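Notes follow the structure.
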Amino acid sequence: MLKICLFISLIFITNLAGAQSWKTYPYHEEGTLIYFPQDEGRHPAEPTEWWYTNAFLTGLTTGKEYSVMLSYFYYPALGFDGFRIFNLADETEGQFFTEALPCVYPVMSQDHLNIQAQVYTGGSEQWTTLEDDQGNLIPFEYQLNATSESGSIDLTYASLKRPLMINDSGFVYQGAEGYSYYFSLTTLDVSGTLTLNGITEPVSGKAWIDRQYGTFNPSIGEQYEWFSLQLSNGMDLNIWELFTPQNSIPDTSTYRHFSIYLNDSASLSSSDFTLERLKYIFMPDQEKCYSRKWHFVHDTIDL
């Protein structure tokens, strides 16, 4: 019986180690162009890059549902290094608060993720990789704090899944002339505190991180739709379609793409899918109309 128990324990430990083999620095997935932790940091040779996250959180005191979107763009203009977008929403009450401000980056490390941002209003924010007691980076775990006129966050992230390489290699051509190095962390555990409407409470939930750097720049007139989908069967999808200035979507891989996390050892990228828009909504000023319901089909994986 002792031998059987030891055998079972060894199998469990081996499987656990295999399942978490990505949870280390340095990390590089064979056949890709992304290296961790350095590609989480700044790339001086690339003109545009950004760090993006969204999160859905539950207040542990009030029980309210919240959503958060935070993004730092490196795109120098008018004496600033870039800009920061910070959105907070009280999903329970139907309240949405957005703030986009220019900023400078006193610190933007090139060998790992370490952003210190000074926003236009004078506030100091950071998004950085966590360190252990010896000062070593903790792979794929992060600390974020940001403050807007409406509220603030102080959150800790821990990735539960290996990085999803967009287009399998982590490199994709986008739009008429752009390219992007691109990866996502599709499911992260979140804990920390959130302040909104004068109420501060502990929160927990799940998050997504998107990371891009290259020449692709949405400000040149190529609008887009983008989805981060976490399905109940454990699959996660990154889907996007770009619109030309003439409001069309060419049927090419540079204008439409999806990558899907299937499990800890398999993913898939393709431009062969159907995305049908089923409902639309006009903004209150009646100037713009957006899609609000979609039907996605991919035959190869019967999704």
Side-chain angles (χ1 to χ4, degrees), residues 20-55 69-74 108-115 127-130 137-142 144 157-175 178-190 206-218 224 226-231 234-242 253-254 256-271:
Q20 293 291 308
S21 61
W22 57 269
K23 198 85 163 60
T24 184
Y25 286 154
Y27 172 75
H28 171 68
E29 186 179 326
E30 187 176 353
T32 73
L33 300 174
I34 307 295
Y35 293 81
F36 298 89
Q38 58 263 44
D39 283 332
E40 294 184 283
R42 164 83 178 111
H43 296 79
E46 302 297 343
T48 305
E49 61 182 313
W50 62 84
W51 297 256
Y52 168 97
T53 182
N54 61 51
M69 178 273 197
L70 177 66
S71 187
Y72 293 99
F73 286 78
Y74 182 87
M108 186 170 272
S109 300
Q110 297 179 26
D111 57 354
H112 70 288
L113 176 51
N114 181 22
I115 298 172
W127 183 349
T128 186
T129 307
L130 289 173
L137 297 177
I138 302 176
F140 303 105
E141 296 192 18
Y142 314 94
L144 301 82
Y157 278 21
S159 185
L160 301 178
K161 299 179 180 180
R162 63 179 177 83
L164 173 65
M165 302 298 172
I166 306 305
N167 200 31
D168 298 327
S169 66
F171 179 89
V172 61
Y173 289 102
Q174 290 187 293
Y179 67 81
S180 179
Y181 293 87
Y182 194 170
F183 65 87
S184 300
L185 295 176
T186 62
T187 302
L188 302 100
D189 255 339
V190 184
K206 291 290 186 291
W208 177 292
I209 290 177
D210 240 32
R211 178 76 175 94
Q212 288 189 253
Y213 53 95
T215 61
F216 174 65
N217 186 348
Y224 62 92
W226 173 83
F227 303 83
S228 57
L229 304 182
Q230 297 165 326
L231 305 185
M235 295 181 183
D236 301 324
L237 283 76
N238 179 318
I239 309 169
W240 50 264
E241 291 192 318
L242 304 181
S253 60
T254 58
R256 55 196 323 272
H257 184 89
F258 91 95
S259 294
I260 179 170
Y261 173 98
L262 296 170
N263 53 54
D264 206 47
S265 59
S267 57
L268 172 70
S269 292
S270 174
S271 294

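Bear in mind that the values here come from a model prediction, so they are computed numbers and not experimental data. Excluded from the calculations below are hydrogen atoms, water molecules and symmetry mates; all remaining heavy atoms, backbone and side chain alike, are included.
Partners of D111 according to the salt bridge (Lys or Arg N to Asp or Glu O under 4.0 Å) rule, which considers only residues two or more places apart in sequence or in another chain, do not exist here. Partners of E29 by salt bridge (Lys or Arg N to Asp or Glu O under 4.0 Å), not counting sequence neighbours, listed by chain and number: R162. Under the salt bridge (Lys or Arg N to Asp or Glu O under 4.0 Å) criterion, D39 pairs with no residue, sequence neighbours left out.
Counting only distance, with no hydrogens or angles, the side chain of S184 and the backbone of T186 share no donor-acceptor pair below 3.5 Å. Between the side chain of S71 and the backbone N or O of W51 there is at least one donor-acceptor pair closer than 3.5 Å. Between the side chain of H112 and the backbone N or O of G41, no donor-acceptor pair lies under 3.5 Å. Between the side chain of E49 and the backbone N or O of H43, at least one donor-acceptor pair lies under 3.5 Å. For the pair T53 (side chain) and W208 (backbone), a donor-acceptor distance under 3.5 Å is present. When atom types are taken as modelled, the side chain of T129 and the backbone of L113 share a donor-acceptor pair closer than 3.5 angstrom.
Exactly one residue among Y179, Y213, Y181 makes a side chain to side chain donor-acceptor pair (under 3.5 Å) with E46. That residue is Y179. Checking N238, N167, D168 one by one against S269, the side chain to side chain donor-acceptor pair (under 3.5 Å) holds for a single residue, D168.
Figure legend: R256 and W240 shown without cation-pi pairing, the cationic atom not lying both under 6.0 angstrom from the six-membered ring centre and within 45 degrees of its axis.
Here the CD1 atom belonging to I138 is positioned 12.5 Å from the OG1 atom belonging to T24, to the nearest 0.5 angstrom. Taken from CD1 in I166 to OG1 in T32, the straight-line distance is 12.0 Å, to the nearest 0.5 Å. Here the straight-line distance linking atom CE of M235 with atom CD1 of I260 works out to 5.0 Å at 0.5 Å rounding. Residue Y173 holds its OH atom at 12.0 Å from OG of S180, rounded to the nearest 0.5 Å. To the nearest 0.5 Å, the span separating CG on L185 from NZ on K161 amounts to 11.5 Å.
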Handout entry: ring-ring contact (aromatic ring centres under 6.0 Å, His included) assessment of Y52 paired with W226
Key = CA-CA 12 Å; Y52 168 97; W226 173 83; 5.2 Å; yes
Exercise for the section: Verify side chain to side chain contact (heavy atoms under 4.5 Å, CB included) between Y261 and Q230, making sure each step is shown before the conclusion. Expected result: CA-CA 9 Å; Y261 173 98; Q230 297 165 326; over 6 Å; no
Exercise for the section: I would like to know whether I34 and H28 meet side chain to side chain contact (heavy atoms under 4.5 Å, CB included); could you show each step before the answer? Expected result: CA-CA 7 Å; I34 307 295; H28 171 68; 5.8 Å; no
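Between Y182 and H257 there is no side-chain heavy-atom pair separated by less than 4.5 Å. Contact annotation: the side chain of Y157 approaches that of L144 to within less than 4.5 Å [non-hydrogen atoms, C-beta and beyond]. Within the 4.5 Å cutoff, the side chain of E241 has no heavy atoms near those of the F227 side chain. Counting only heavy atoms from C-beta outward, the side chains of Y25 and F140 approach each other to under 4.5 Å. Looking only at side-chain heavy atoms (C-beta outward), L164 and D236 stay at 4.5 Å or farther from each other. A 4.5 Å side-chain heavy-atom check between S159 and L188 finds at least one atom pair inside the cut-off. Residues T254 and Q174 fail the side-chain proximity criterion, which asks for heavy atoms closer than 4.5 Å. In this structure the side chain of S228 reaches within 4.5 angstrom of the side chain of N54, judged on heavy atoms.
Ring geometry for F36 against Y27 counts as tilted: the plane angle lies between 30° and 60°, on a 0 to 90° scale.
Residues W22 and D264 share a closest heavy-atom pair of NE1-OD1, 3.3 Å. Residues L137 and P139 share a closest heavy-atom pair of O-CD, 3.5 Å.
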